[in-house]
Every structure is written in structure tokens, then in C-alpha cells.
S.K.: 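Submitted below is the structure of interest, expressed as C-alpha cells.
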Amino acid sequence: MDKDCFYSIRMRAAVGDRQVSGAERIVTPGKIEAVVQSLVIRARQKKSMPDRIVITIERLGTIPLRMQTALNVVTVNAADVAAGRSAAVKILHSLEVSERATMSAMKRLSAGVGPSGQNLRGAMIIDALTGERLEPDQESGVRASRFDWTDEALNDITRKLETIELTHFRTREALALATKVAHAPCMVAELCWSDDPDYTAGYVASLRTGYVRFPMLKARGDPRGGRAFFVDRKKLDMQALVHYLQIEPMLINETGACGQAMDAEHYFK
Ligand code: AMP
């Protein structure tokens, strides 16, 4: 596929200084107008009209466009938030994220990651062994960007996720993000839960486990959320990692398996 024929389109909507909506696509030139319109519609779907909607349209440069297969998806049901978090911790430990690193991330995500307890725009990068935060800008974190599904893969994943009753657009977007993040060379695992007070789901993702979704990783009404990318420091080149996450484009052209939901006991058997 000719990489010069693709554009990155990114939308950010804000009320005052607070981002209320964001999305991005990678498309061929013929789709730009339609995609821009759909992103504006998306930005206006929030309860109140944003003060500002910024759309960036950028031709992908000479950096190769990677093709990737999406992570497999499985849902693990747990009785409540505490049981969900404890299952997430168990999976992180099985991936060799240390107790210290797991607790450091869980504590920060629960309390609000930013200096005054607010959410970060991007993710924390955490040493999977020591739990230290490593990202250069700790007020913003690092954002993963420039990833999308091909039209065929998007249709396919939408259909597969529907068969397991996952119809929310957030799942497709988080799965694409998690697929890009998991393929970073030094990445051990990702932990995420949303900052949307109405959206309680979260996940642990890695190449080894796939995308393990928990319907309840935080209480309804809680506005705190975030992402932790756990890295192997021995393999870490921070500049290369940030470049990979922010700049190098990735399209998902193959979907993985989407398994039926199971409870935590069954998952760990
Ligand atoms: P969301 O899943 O969109 O509710 O996002 C939850 C949290 O993940 C946000 O508060 C950010 O801290 C972080 N986040 C959102 N989008 C990204 C991204 N593209 N890259 C890295 N972190 C992100």
C-alpha cells in the first residue's frame, strides 16, 4: 500500500482548558471530507457544545505505515470493582509486572494521576520492575496516536464484538490503541480505565494475554481514570518509544479472536 496516499485526521474538543472529546483516523484522501464531518458530529455529541473543536489533517510522511493484527479480546467478569482490580493485578503479576509497579500504578490511577489529582492527557510510562514513572513530561504523559482500522478490519471487528455484546465505539478504539501500544519493543503490559464517569470498564493488555477487558474497574460516577504503560527498562529507549507511540502510523488490517465472557475463576484455571 502506498503510504503517501494516507492522511492522519485528529479531532480534539475542549470546554475551557478541559478536553471533552477526542478521536483520530488514518484515511485515504477521498475519505477526508466525510471523516471530518463524522468527527465534528462526534465532538458535538457531548452534553454541551464544546468551546473549541480542533481538527488536524496531516499527510503521513515518509515513515512506514505498519500493518498489524488486533489483539485477541476476552472479557473477565468480576463481582465488583475490588474483585475486578484484584484480577487485573493477578494478570499483571503473571506478566512479570512487579508488586511494586502494579501498586504504584493502581494507587495513582485511583487517586488521579496529575499533580493536583486531575487526569493526564496521555499515559504514564512505568518501570515494570521498580514502579518508577519514567515519562519525560509527567504533567501530560505520553499519548499514543496515529492508529486506525482498515475499512474491512473495522467491519469485521464491529461484527465480532457485537457477537459478544460489545457495541460501544470505545471498545474498538481502545482495542486499536492497545494493539499499537502492545507492539512497542519494550512494552510489558498496559493497564487502563476510563475517565468518563459513566464508563466503568477497563482492561489489561499485552502481546501475551491479548486485550483482557473488565466491565467494572472503577465505580460509576468516578471521574478519575488513566493509562499505565509498563516497560522493561533494559530494553527501553525513551526517545524511540515516544516516537513509536506518537508518530509512527499503524493500521490494523486483521482482527483477532473475540471470546465469550467468563468469570475470573474460569479465566485463571
Ligand atoms: P479514555 O479511555 O478515553 O477515557 O481515557 C482514559 C485516560 O487514558 C485519559 O484520561 C488519559 O489519561 C489516557 N489516554 C486517553 N487517550 C490516550 C492516548 N491516545 N494515549 C495515551 N493515553 C491516553
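Ligands are counted one by one from 1 in listed order, and the atoms in each one are counted from 1 as well.
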S.K.: Nearest non-hydrogen contact with atom 16 (N) of ligand 1 belongs to which option: R143, R224, R170, K180?
M.R.: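 Closest candidate by heavy-atom distance is R143.
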S.K.: Under the ring-ring contact (aromatic ring centres under 6.0 Å, His included) rule, collect the residues that match up with Y203, sequence neighbours excluded.
M.R.: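 Listed in chain order: Y211.
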S.K.: Could you tell me the separation between the CG atom of L161 and the OG1 atom of T167, rounded to the nearest 0.5 Å?
M.R.: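 Result: 9.0 Å between the selected atoms.
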S.K.: Taking only residues two or more places apart in sequence, or in another chain, which ones meet R233 in a salt bridge (Lys or Arg N to Asp or Glu O under 4.0 Å)?
M.R.: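 D127, E132.
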S.K.: So for ligand 1, is D195 a polar contact partner (N or O within less than 3.5 Å, distance only)?
M.R.: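 The answer is yes, given that D195 and ligand 1 share an N or O pair closer than 3.5 Å.
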S.K.: Which ligand 1 atoms are under 4.0 Å away from a heavy-atom of A144?
M.R.: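 Checking each atom against A144, I get 18 (C), 19 (N), 20 (N), 21 (C).
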S.K.: Please report which non-hydrogen protein atom sits nearest to atom 21 (C) of ligand 1, along with the residue it belongs to and the distance in Å to one decimal place.
M.R.: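 Among all protein heavy atoms, the one nearest atom 21 (C) of ligand 1 is V142 O, 3.3 Å.
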S.K.: Can an N or O of C192 be found at a distance shorter than 3.5 Å from an N or O of ligand 1?
M.R.: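 In this structure, C192 places no N or O atom under 3.5 Å from an N or O of ligand 1.
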S.K.: Less than 3.5 Å between some nitrogen or oxygen of L120 and one of ligand 1, yes or no?
M.R.: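 L120 vs ligand 1: N/O contact under 3.5 Å present.
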S.K.: Tell me whether the NZ or CZ atom of K90 lies within the 45° cone about the ring axis of Y267 and under 6.0 Å from its centre.
M.R.: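 So K90 doesn't make the cation-pi contact.
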S.K.: Considering only protein heavy atoms, which is closest to atom 18 (C) of ligand 1, and at what distance to one decimal place?
M.R.: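 Result for atom 18 (C) of ligand 1: L177 CD1, 3.5 Å.
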S.K.: Indicate whether any N or O donor in one side chain lies under 3.5 Å from an N or O acceptor in the other, for R159 and T163.
M.R.: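 Looking only at side-chain atoms, T163 and R159 do not form any donor-acceptor pair under 3.5 Å.
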S.K.: Of all the heavy atoms in G122, does at least one lie under 4.0 Å from an atom in ligand 1?
M.R.: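 Distance cut 4.0 Å: G122 passes for ligand 1.
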S.K.: Based purely on interatomic distance, does R227 place a nitrogen or oxygen under 3.5 Å from a nitrogen or oxygen of ligand 1?
M.R.: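 Yes, since at least one N or O of R227 sits under 3.5 Å from an N or O of ligand 1.
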S.K.: Please identify which of these residues, K218, R170, R220, meets the side-chain contact (heavy atoms from CB on, under 4.5 Å) condition with Y199.
M.R.: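 Filter result, single survivor: R170.
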S.K.: Before signing off on this row, confirm whether W193 and ligand 1 have an N or O atom pair separated by under 3.5 Å.
M.R.: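 It does not: no N or O of W193 is found under 3.5 Å from an N or O of ligand 1.
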S.K.: Kindly confirm or rule out a cation-pi arrangement of R227 over W193, judged by NZ or CZ under 6.0 Å from the six-membered ring centre and within 45° of its axis?
M.R.: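 R227 over W193 ring: no.
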S.K.: If you have a sec, work out which protein heavy atom is nearest atom 4 (O) of ligand 1 and how many Å separate them, to one decimal?
M.R.: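 Heavy-atom neighbour on the protein nearest atom 4 (O) of ligand 1: S194 OG, 2.7 Å.
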S.K.: With a 4.5 Å cut-off on side-chain heavy atoms, are Q68 and F147 touching?
M.R.: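 They are not in contact (no side-chain heavy atoms under 4.5 Å apart), so the answer is no.
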S.K.: Please identify which atoms of ligand 1 are closer than 4.0 Å to at least one heavy atom of G226.
M.R.: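 It comes down to these atoms of ligand 1: 7 (C), 8 (O), 12 (O).
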